Amino acid sequence: MEESTILVAHESETGFIRVLGKGSFKNAKLIKSFADSSRDEGVNRFVIDLQQCKHMDSTFMGVLAGLASQQKKAELEAPKCVNLSPRNRELLETLGLDKIMNLATRSDESTDSDFESLDQLGQEEDKKESAQTMLEAHENLIDVDERNAAKFQDVVKFLRHKLEN
């Protein structure tokens, strides 16, 4: 199985996230935690570099949708995904994330060289937290575009049942 790595930094009011490998349910909570803690430290905009992201699953994209929704509620700039491959752009657009995020094929934004250092986030393995993150992520996708309800209703139902038991 391919390793995935999340690299992050924040400077001033910008949080920078780089995904290496796959964006998946295994590392989605790391993105959510980083964004939440960064906001507490004054970050009000996010740049997500997906140049080296090989694939994204629905949980990962749902966490990105949640980040975008929180930014919108706080009346802050929408997160910007940069260096998108055609496939990753298609995945985001298929789920309606292009309505709530800025998508850029190339980066005209900050790069890792603009930050003093990038930190690697470690993997967390709490099954209940993972299930909760997955549930919230899929609910975020449904909130973004009602057409996603048909795609993810069974997943949401399964995860709710799993968390109740």
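Since the structure is predicted, the reported quantities are computational estimates derived from the model, not experimental observations.
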Tell me whether the count of non-hydrogen atoms from other residues, nucleotides or ligands lying under 6.0 Å of NZ in Lys99 goes above 12.
yes
Does Glu146, at its CD atom, have more than 12 non-hydrogen atoms belonging to other residues, nucleotides or ligands within less than 6.0 Å?
no
Less than 4.0 Å between a side-chain N and a carboxylate O, is that true for Lys157 and Asp154?
no
[Y] and [X], any side-chain heavy atoms less than 4.5 Å apart:
X: Lys32; Y: Leu67; result: no
X: Leu95; Y: Met56; result: no
X: Phe60; Y: Leu91; result: no
X: Ile48; Y: Pro79; result: yes
X: Ser58; Y: His138; result: yes

Given Arg39 and Gln71, is the side-chain hydrogen bond (donor to acceptor under 3.5 Å, both in side chains) satisfied, shown in steps?
CA-CA 10 Å; Arg39 261 193 230 91; Gln71 290 291 102; 3.2 Å; yes
For residues 61-75, which residue pairs pass the salt bridge (Lys or Arg N to Asp or Glu O under 4.0 Å) check, not counting sequence neighbours?
none
Is a side-chain N or O of Asp36 found less than 3.5 angstrom from the main chain of Ser33, in a donor-acceptor match?
no
For Leu141, is there any backbone N or O sitting under 3.5 Å from a side-chain donor or acceptor partner on Asn148?
yes
Go through the steps to decide whether Leu7 and Ile17 satisfy the test side-chain contact (heavy atoms from CB on, under 4.5 Å), and finish with yes or no.
CA-CA 6 Å; Leu7 300 175; Ile17 301 164; over 6 Å; no
Can you tell me how far the OG1 atom of Thr14 sits from the NZ atom of Lys80, to the nearest 0.5 Å?
11.5 Å
Spacing of CE belonging to Met101 relative to CE belonging to Met61, to within rounding of 0.5 Å
11.0 Å
Suppose we screen for side-chain contact (heavy atoms from CB on, under 4.5 Å). Which residues come up paired with Ser38, at least two apart in sequence or across chains?
His10, Phe34, Val43, Phe46
